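Every chain is numbered from 1, with letters handed out A, B, ... down the list of sequences. Fair warning: this is a prediction, and the values are worked out from it, not measured in the lab.
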Amino acid sequence: MHHMLTLCYKEWLELRHHRTLVAGLLIPPFMLTMLPIVTVWLSGFAPPGDMAEEMNRTLTDPALAQLSGLELGQAMIGQQFGLLFMMLPLIIPNVISSYSIVGEKTNRTLEPLLATPISTSALLLGKAFTAMVPAVGITWVCGSIFIISMARFTVSPAVFTAIVSPAWLLLLIIAAPLMSLISILLTLAISSRVNDPRSAQQIVAVLIIPVMLFFFAQTVGFVSLNIVMVMLLVLALAIIAACCLWLVVRLFQRETILTRWR
Amino acid sequence: MQVGSDTSRARDTSVNGDWAIEAHGLTRVFGKNTAVEQLDLAIPYGTVFGFLGPNGAGKTTTVRMLTALIAPTRGTAHVAGYEIGADNQAIRQQVGMLTESPGLYDHLSALENLVFFARLYNLSADEANHAAESYLRSFDLWERRKETVGGFSKGMRQKLAIARALLHNPPIIFLDEPTSGLDPAAARMVREEVKKLRAEGRTIFLTTHNLTEAEELCDLVGIFRTRLLRLDTLERMRQGHQAQRIRIVLGGAAAPWLPTVQALHLVEQAVAEERCLMVTVASVQQANPLLIRTLVEAGAEIQYVEPMDESLEHAYLRLIGTEGE
């Protein structure tokens, strides 16, 4: 734990000098927070009739059953865009984690680092938490802004409850960190095997696909987010994260990295 | 391979094992290439050991095995009494390492670099700050402690990297090409630091192909090219071929007597320079009487015969150039 925190601290100190990188990290959260807020806010002014064709969705989500047409439209838009927050824990840490091992290699700092008594798991967890803490922190901050905005802009308390549902909160509070960890661990695994951070950054494109699939599936009414589904998802993510950690520790071959790196 | 005469050197009582570094049949193979072959080594505590060899000889691979960074394909080694492979964490705690490239974090200050590594070497926050300050002061870097390392000169970076290797007060220090790429002034500065470490009684494993540096700094020298070609004290390394090389100083020009000397079957090589004949023989006991008798009988006036010192460079080139090929 001591080694892991020491490494995290060093990484954050280094990030101070990468201001453009840090600024770049804040653009997606800003966009993905503003887009749902503005859309939900604007939907509050839409004619109720436009949302009528979506009524069949109420069958799959009881929280929408008693809502009027205007409320229903706003709630459904809010639910949809609320899912976009799940892209943040995947996108934000990607640049940091993809650079973490490659950066040590290109700066020739990996050998002195590996010559210290730090264990492989402490090294990898340190690198992972360096990227994970800001990613989860920013996601939660953005989520909080979204919640506050929903409290302000939704047309009724029922709409707020439908958007900021227990399932969505569970997704934000527990699933988001797990998704972030999985994304980071997979990026680290690739980062330790390649010489160019861009190669490791490709993984995020793959990881976003399930989130987008869920987004579209909910849009067409194929699925609806509920607490049981999210709990199962959290369980699955926890298992996947543990498997990823196991995998990345085994893939991180100290001597292969040292001897094959030129 | 060990040097018996050095076993009585003063040892640091706080360290483990009989030898600072001990290797038996240490071998590392990469694919079809053998980088290190059957390395046997025993280095006493408090010794500055010069590990000499050309580029690509396997020196860095050896250092990496001995610092538990890579595993040997065959063989065993103990560093500070700990076995590589079994006690890797303990070995890393016991050794300080200067890698071929300083490997410092350019965006961190000198102080931040040292404190970070000190913490990884399990020093408390106070100890880390204290050790960093102490070494920054002794390496004349304290005034620039807050500057990022990216702006440092090569010499300053190398000093900082040496300081990093010493932070946790290790009994054994590996210095891989410490003066490589440095200008003469910076190289001298680094050599002075190594001398200070030697005076402190640390065991230093100095990898270099700079023979002048080795002659200046080392007590014990190993000449290496994939395998250890020779391990000896610097003194004996210089004398190693003394018995086989002799200088015969004549009363007049030496050149006319060269064919006479070269014709003798015990003579391996002979060179004439002004009044001197430099002769390399397989055995002085057998060759000297014959040489002297033959020259006297041929009419040469011998003023004196003396053994020739072999420089480390000569010994190195002879070993690398023949056995190493």
Is it true that Trp140(A) and Phe146(A) have ring centroids separated by less than 6.0 Å?
no
By a 4.5 Å heavy-atom criterion (distance strictly below it), what part of Gln93(B) contacts chain A: side chain, backbone, both, or neither?
both
Give, for atom CZ of Phe139(B) and atom CE of Met189(B), the distance between the pair rounded to the nearest 0.5 Å.
9.5 Å
Please determine, among Ile70(B), Thr67(B), Leu120(B), the option with the most heavy-atom pairs under 4.5 Å with chain A.
Leu120(B)
What part of Ser109(B) lies closer than 4.5 angstrom to a heavy atom of chain A: side chain, backbone, both or neither?
neither
Quick one, Arg202(B) with Asn169(B), criterion side chain to side chain donor-acceptor pair (under 3.5 Å). Give me CA distance, side-chain angles, the key distance, then yes/no.
CA-CA 9 Å; Arg202(B) 313 240 196 185; Asn169(B) 200 24; 3.1 Å; yes
Region of Leu110(A) that comes under 4.5 Å of a non-hydrogen atom in chain B
neither
What part of His2(A) gets closer than 4.5 Å to chain B, counting heavy atoms only: side chain, backbone, both or neither?
side chain
Do you see a donor-acceptor pair shorter than 3.5 Å between the side chains of Thr76(B) and Glu83(B)?
no
Proximity breakdown for Thr99(B) and chain A, heavy-atom pairs closer than 4.5 Å
side chain
Gap between atom CD of Glu177(B) and atom CG of Asn55(B) - 0.5 Å precision
7.0 Å
Arg64(B)/Glu111(A) ion pair, N-O < 4.0 Å:
yes
Against chain A, label Phe30(B) side chain, backbone, both or neither, depending on which of its atoms sit under 4.5 Å from a heavy atom there.
side chain
Pick one of side chain, backbone, both or neither for Ala90(B), based on which atoms fall under 4.5 Å of a heavy atom in chain A.
neither
Heavy-atom cut-off 4.5 Å, strictly under: side chain, backbone, both or neither for Asn122(B) against chain A?
both
Do Thr27(B) and Glu37(B) meet the criterion of a side-chain donor-acceptor pair at a distance under 3.5 Å?
no
